[in-house]
Amino acid sequence: MYDPTVARLTYRALLGRRRALILGALPMLLIAVSVVVRGLAGADDQTASDLLGGLALATMVPIIGVIAGTGAIGPEIDDGSVVYLLSKPVKRSTIIFTKLIVAIAVTMVFSALPTFIAGFILNGNGQQIAVAYTVAALVASIAYAALFLLLGTVSRHAVVFGLVYALVWEALFGSLVSGARTLSVQQWALAVAQKVAGGEMVTSDVTLPTATVLLALVTVLATWYAGQKLRSLTLAGEE
């Protein structure tokens, strides 16, 4: 299910000079803002939770997920180079699964690690806030990578649609419309973070069992459907 050659090519595509700069911009911003806030406000649990929830989990993680998920396959489909990859004796499900693993790994490194560092800067992991949001970022990275990898296989405008979902649905509607929060990866991840923190600093509108089921369901279905779309793309190319 995992092909090292496909993984190496995908890592190379995602971590090229320009894309790596884009991936690193938001984490650096998060850490810089955390340093400034700590210097001005001192160690405050509520401030740490608000900043990690608002800037890290609600903004940075989904945007990095968009870049990594769509970038894992979208450019290859757009420029036609995916035909070369599909001509190799590698199962289409293996290609998708390998690219998903790479997208998850890149999203985790560029989102969870900076979240952990920022949390320690803000309040030294008081009330397990840094660890809780780091776990939330790790969990969200899996679902976001699967969703945006799927978008990369079905649309040439995957980045645009991904940003609309991340910034409009998750950030805007998720904060204004209570019903939208139930269908939000951010809220599912917060349910996990709430369990880790064990206090009132981190809250979610979704229960932990529901969040766990939805995270698993979305990840599995998105990965499966991406494989189906890639298989149909192969058939179209062969015809």
A140 versus L57, closest heavy-atom pair with distance: CB-CD1, 4.3 Å
Test item: T59 side-chain N/O and G54 main-chain N/O as donor-acceptor pair under 3.5 Å: yes
Flag, side chain of N125 to backbone of V131, donor-acceptor distance under 3.5 Å: yes
Hphob cluster co-occupancy, L52 + I117, side-chain heavy atoms under 4.5 angstrom: no
Any donor-acceptor pair under 3.5 Å from S155 side chain to L151 backbone: no
Inter-residue atom distance L138.CG - T107.OG1, 0.5 Å rounding: 11.0 Å
Under 3.5 Å donor-acceptor, Q186 side chain and A58 backbone: no
Cluster link L23 to I31, ILVMFWY, side chain under 4.5 Å: no
Interatomic distance, L221 atom CG to L150 atom CG [nearest 0.5 angstrom]: 10.0 Å
Residue pair L15 / F110, side-chain heavy-atom distance below 4.5 Å: yes
Euclidean distance, Q194 CD relative to T207 OG1, rounded to 0.5 Å: 10.0 Å
Any donor-acceptor pair under 3.5 Å from T70 side chain to G152 backbone: no
Ring-ring centroid check F161 Y165, cutoff 6.0 Å: no
More than 12 heavy atoms of other groups within 6.0 Å of Q46 CD: yes
Any donor-acceptor pair under 3.5 Å from S49 side chain to M201 backbone: yes
L208 with V213, same ILVMFWY side-chain cluster at under 4.5 Å: no
Same cluster (ILVMFWY, side-chain, under 4.5 Å), V196 and I129: yes
Straight-line distance of R156 CZ to I77 CD1, nearest 0.5 Å: 8.5 Å
Approximate separation, where rounding is to 0.5 Å, of L29 CG and M60 CE: 9.5 Å
Full working for side-chain contact (heavy atoms from CB on, under 4.5 Å) between T212 and L215: CA-CA 5 Å; T212 303; L215 282 166; 5.8 Å; no
R92 side chain to V90 backbone, donor-acceptor under 3.5 Å: yes
Check: N123 side chain, D45 main-chain N or O, donor-acceptor pair, under 3.5 Å: no
L113-L30 co-clustered via ILVMFWY side chain contacts under 4.5 Å: no
Donor-acceptor contact below 3.5 Å, side chain W188 vs main chain T182: yes
Crowding at OH, Y225 (>12 non-hydrogen neighbours, <6.0 Å): no
Considering all heavy atoms, the nearest A211-V206 contact: N-CG1, 3.8 Å
R38 side chain vs I121 backbone, donor-acceptor pair below 3.5 Å: yes
